[in-house]
Amino acid sequence: MTSSFIIRRTVLSSLAAGYLCIANAQDTVQIEKIQITADTEKSYSATSASVGTRTDTSIVEIPQSIITVKKEVIEDQGSKTLSDALRNVSNVNSVDKRDSNIVGFKIRGFNSATVIDGIAMPGYFPNQESLVNVERIDVVKGPSGALFGSSQGAGTYGTLGGTVAITTSEPEAVATQKLGMKFGSYGEKGGSFDINQPINNELAVRLVGEISDSDSETDNVYFKKKALFPSFSWRPSGQTSVVLRLRYLDDETLDYSGLPIKGTLDTSTHTLARSTNITANGLPATTTTSKGANLQVDQVIVKDWKFNLVAGYNEIEVDERGVYATTSADFFGMSYGSADISANLFGVRLWDKWKTTTLSPSVTGKFMTGSIEHTLMGGIDYEKTKDDAFMVVSDPLGYMISPLNGFTPVNLTNPTYPNWVEPVAPSTPTQQNTYRSSVVYLQDQMDIGNLHLLGSVRHSRINIDDANTDPLFGGTSNHTTNTSTTPRVGATYEFTPEFSIFSGYSEGIKVPTGSKFTTPPKPEESEQKEIGLRLSKFAGISATLAWFDLKRKNAAVADSAHPGYSIQTGIQQSKGVDLDVLWEVNPSWKWIGAFTTQTAKITEDTTTSRVGKQLFNVPEKSARIATRYDVMGGTLDGLGMGLGMTYRSELPVNTTNTAFTPSASVWDAQLSYKMAHARYGININNLLGKEYYIPSAYFGGGQVTPASPRTVMATAMFTF
C-alpha cells in the first residue's frame with residue numbers, strides 16, 4: 001500500500017501543479033489522504049492496483065485478470081473468513097473453517113500464493129487470516145512472471161494458479177478509534193479494536209486487534225482466534241515514507257478429518273449424523289501461531305525515479321494432532337476415506353515450523369523514447385526459508401503405524417471412541433529443510449497512446465536442501481539447484497476510457513516442497529494464455545470477461561508404488577471463461593457478479609486411469625451474485641440491506657473421481673443500520689438452511705465435510 005500511495009501522490013501533485021517542488025509536504029499528504037478516503041467510501045470499485053505489476057497502475061492497463069475486494073465489501077457482507085470475502089471473485093475455491101489447517105486457495109484450479117503487504121507467506125494456511133486488519137484483497141489470476149516470485153521457494157504453495165494479495169492497514173494522518181463486537185450462532189462471540197494516532201506531522205502509530213471464539217455444528221470442534229497488528233509510519237517529507245508493520249496471529253481448533261463417503265454421500269447401508277466427529281477422547285488442540293515484521297521504505301531519488309525496499313521476517317508454527325478412520329481391514333491406514341460403518345482409528349501428530357527472511361529492493365523510473373512513455377522497474381528478490389517438521393503416529397501396539405484402538409473396530413453410527421495416545425515426538429525434527437531463492441527481474445511498461453504494452457523477465461535460482469531422517473519415509477534426502485527464466489508479456493488497447501481489450505502470456509515455476517520423492521524433483525511449471533475485455537465505469541459497470549488456458553506441468557501426485565511418497569507426472573489443464581462484474585447503479589445500490597465455466601482436468605499422465613479426470617475440488621461451473629442497497633436521506637437514512645447467492649456445480653471428492661458432492665446454491669443476507677458514530681448489523685449465512693456436503697482436503701481428499709449450516713451473527717461497531 002505504501003508504494004502505491006507514494007506513486008499516486010506524485011500523479012496527483014503533477015495534475016495539480018505540474019510537478020511543483022512542494023514547500024509544505026505535510027499539507028500535500030493530508031489532501032491526498034482526503035481524496036483517497038472519499039473514493040473509498042463511495043465505491044466498491046478499484047481503479048488502480050500495485051499487485052499486478054508492482055507499480056501503481058490503472059487496472060485497465062494491466063494485461064491480466066485482477067479482481068479487487070475492498071474493505072467496504074467485507075464489512076457490508078459480514079465476512080468472517082478470507083474465504084467469505086473471496087466468494088465475490090470468480091474461480092476461487094471456498095475453504096471451510098474446519099479445513100483451514102490443511103489447505104490454501106486455488107485459482108483457476110491450481111494452488112495460489114498468499115501475499116501480505118508484498119511478502120509471500122511461507123506454508124501459510126490463509127483462511128485463518130484475521131480480516132479486522134485487511135484494507136483490500138487483490139486476486140491475480142494465473143502466474144505472473146516478475147510478480148511475487150519469491151513464493152517459488154517458500155513453504156508449500158506457489159503462484160502456479162495465481163496470487164491472493166492482501167493489503168493491511170497502516171497509520172493515517174487523522175486520529176480515529178474504533179471498537180467492535182459480535183455475537184452469533186454456536187456460541188460465537190468476539191471483539192475488535194482499531195486505534196490510529198498521529199504523534200506529530202511526521203510520525204503515526206496504529207494498533208489493530210481482535211479476539212474471537214465459537215463452536216460449530218460438528219461435535220466438540222471449536223475455533224479461537226487472537227490477533228494483534230501494531231504499525232508505525234514515518235513520513236518526514238513528500239519524498240520519503242517508512243512503514244513498519246508487526247503481526248501476531250494465534251488460532252486454536254480441534255482437528256477434524258471429515259467424514260467417509262459411506263454414510264454421507266452413500267446412505268445405502270447406514271447414515272452418519274452431520275455432527276459426527278471421528279475423534280479420540282482427550283484429543284489435544286491444534287494450534288497455528290504466526291509472528292512477523294514487515295518494513296517498507298519508499299524514497300524518491302530524483303524526479304520520476306524512486307527506490308523501494310520491502311523486507312520481512314515471518315515465523316509460523318503449526319502443531320496439529322488428529323484422528324482419521326480407515327476400513328477395518330486396513331491396519332496401516334493406507335485407504336483413508338474408505339471407512340465403512342466399522343473403522344479403525346489412527347492417531348497422528350504433525351508439527352511444522354517455518355522461518356522466512358525476505359529482502360526485495362527495487363528501482364522504478366519513468367522516461368520517454370520518442371512518443372513512447374516507459375515505466376521501467378528492476379529489482380532483486382532474496383528469500384531464505386528454514387522448514388523444520390516431524391510427523392509421528394500413535395502407537396499403542398508397538399507398530400510403526402497402528403490403530404488407536406488396537407484391532408477393535410469402532411462402529412461410527414454408535415461410536416465408543418478410544419482414548420488419545422500421545423505419539424512420541426523425536427528429540428530433533430526428522431525433516432530439516434532449507435530453501436533459498438535468489439531472483440533478478442526487469443519489467444517495462446510502455447504507453448503508446450491508447451496502447452499499453454508490458455514485458456518482463458525473471459531469472460530464478462532456487463536451492464533446496466531437504467534432509468529427511470524419518471524412517472516412515474525411508475530417510476530420503478534431496479539436494480537440488482533449480483534455475484529458470486520466466487517471461488511475461490501482454491498488451492491492452494483502450495478503445496475508449498470505458499472499454500478496452502487485453503491479451504497476455506505468463507509463466508511460473510514452483511519447486512515442489514512439502515512432498516517426499518524417491519528421486520530429486522523437477523520444478524513444477526505453469527503457463528497461461530489469456531484474452532479479455534474490460535469495462536470501466538460504463539454506466540456504472542466495471543467488468544472483466546476473460547478466456548484463459550492454464551497448464552501445470554510436472555505436478556506432484558501420490559506415488560502408488562511407494563506409499564507416502566509423491567511422483568511428478570503429466571500435465572493438468574484448466575481452460576474456460578471467467579466473468580467478474582461490479583454494477584454501481586447509483587451511490588445507494590450496488591451489484592456484484594462472478595461467473596465461471598471451465599474444464600479442469602488431467603490431460604497427460606503416466607497412469608492412464610487418471611487421464612481425463614476432473615481436478616480435485618474444482619467445479620466446472622460456479623457463480624456468485626450479490627446486491628446491496630443503502631438508504632441515503634429521509635427517515636430511513638443509514639439503513640442498509642444485502643442479499644447474495646453462491647452456486648457451484650458438483651465437486652470431485654478425490655483425484656480418481658469415484659465420488660462427487662452434489663451441486664449447491666446457498667443464500668446469504670445482511671441488514672445494517674448506521675447512526676452517528678455507531679453501525680449495527682445482522683448477517684445470515686446459508687439463509688435457507690440448506691444441508692449439503694463439500695469435499696474435505698484432509699490427507700489430500702477422499703472424504704467430505706458437512707457444509708456450514710445456517711448461522712446468524714449480530715455486530716456492532718463504534719467510532720470515537
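- The only option from Thr114, Thr81, Ile166, Leu86 that meets the side chain to side chain contact (heavy atoms under 4.5 Å, CB included) definition with Pro126 turns out to be Thr114.
- Arg245 is not listed as a side-chain neighbour of Ile116, based on a closest heavy-atom distance of 4.5 Å or more.
- Note on Glu129 versus Arg247: salt bridge recorded, some NZ/NE/NH1/NH2 to OD/OE distance being below 4.0 Å.
- For the pair Ile531/Ile501, no side-chain contact is recorded, criterion being any heavy-atom separation below 4.5 Å from C-beta on.
- Contact check for His374 versus Ile372: side-chain heavy atoms found under the 4.5 Å cut-off.
- Side-chain contact check for Asp580 and Ser90: at least one donor-acceptor pair (N or O, by modelled atom type) lies under 3.5 Å.
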Could you please spell out the steps behind the side chain to side chain donor-acceptor pair (under 3.5 Å) verdict for Thr168 and Asp117? CA-CA 7 Å; Thr168 67; Asp117 297 320; 2.6 Å; yes
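- Between Glu584 and Ser43, some side-chain heavy-atom pair lies under the 4.5 Å cut-off.
- In the model, Arg624 has a side-chain atom that pairs as donor or acceptor with a side-chain atom of Thr646 under 3.5 Å.
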Determine, step by step, whether Val73 and Arg628 satisfy the side-chain contact (heavy atoms from CB on, under 4.5 Å) criterion, reporting the C-alpha distance in whole Å, the side-chain angles of both residues, the deciding distance to 0.1 Å, and the verdict. CA-CA 9 Å; Val73 177; Arg628 172 80 182 187; over 6 Å; no
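- For the residue pair Asp84/Ser79, the side-chain donor-acceptor check at 3.5 Å is not satisfied.
- Residues Thr288 and Asn101 bring a donor and an acceptor atom of their side chains to less than 3.5 Å of each other.
- A donor atom on one side chain and an acceptor atom on the other are found under 3.5 Å apart for Thr68 and Asp138.
- With salt bridges taken as basic N to acidic carboxylate O contacts below 4.0 Å, one links Arg458 and Asp381.
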From CA spacing to verdict: side-chain contact (heavy atoms from CB on, under 4.5 Å), Ser130, Phe229: CA-CA 10 Å; Ser130 171; Phe229 306 101; 3.9 Å; yes
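- The side-chain heavy atoms of Gln64 and Val140, taken from C-beta on, include a pair separated by under 4.5 Å.
- A heavy-atom distance below 4.5 Å is not found between the side chains of Gln573 and Glu604.
- Counting heavy atoms from C-beta on, the side chains of Lys522 and Lys553 never come closer than 4.5 Å.
- Contact check for Asn111 versus Lys106: side-chain heavy atoms found under the 4.5 Å cut-off.
- Side-chain contact of Thr385 with Asp387: a donor-acceptor pair under 3.5 Å is absent, judged by distance alone.
- In this pair, Phe495 and Tyr493 present their aromatic rings perpendicular. The plane angle is above 60°, beyond the 30 to 60° band.
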Kindly indicate, with the supporting measurements, whether the criterion side chain to side chain donor-acceptor pair (under 3.5 Å) is fulfilled by Gln598 and Asp578. CA-CA 8 Å; Gln598 67 182 341; Asp578 289 343; over 6 Å; no
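- The pair Glu530-Arg108 counts as a salt bridge, with a side-chain nitrogen and a carboxylate oxygen less than 4.0 angstrom apart.
- With no hydrogens or angles considered, a side-chain donor-acceptor pair links Thr375 and Lys366 at under 3.5 Å.
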Run the side-chain contact (heavy atoms from CB on, under 4.5 Å) test on Val653 and Tyr693 for me, step by step, so that the C-alpha distance in whole Å, both residues' side-chain angles and the decisive distance to 0.1 Å come before the verdict. CA-CA 10 Å; Val653 176; Tyr693 291 94; over 6 Å; no
Give the intermediate values and the outcome of side chain to side chain donor-acceptor pair (under 3.5 Å) for residues Ser169 and Asn133. CA-CA 6 Å; Ser169 61; Asn133 196 42; 2.4 Å; yes
Criterion side-chain contact (heavy atoms from CB on, under 4.5 Å) on Val164 and Ile137, from CA distance to verdict: CA-CA 7 Å; Val164 177; Ile137 306 164; 3.8 Å; yes
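- Taken to the nearest 0.5 Å, the CD atom of Gln443 stands 6.5 Å off from the CZ atom of Arg488.
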Please report the C-alpha distance between Arg54 and Tyr441 in whole Å, then the side-chain angles of each, then the deciding distance to 0.1 Å, and finally whether the side chain to side chain donor-acceptor pair (under 3.5 Å) criterion is met. CA-CA 12 Å; Arg54 281 187 164 181; Tyr441 62 89; 2.6 Å; yes
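- Salt-bridge annotation for Arg87 and Asp668: present, with a side-chain N of the basic residue lying under 4.0 Å from a carboxylate O of the acidic one.
- Classification of Asp251 and Lys97 as a salt-bridged pair fails, no side-chain N sitting under 4.0 Å from a carboxylate O.
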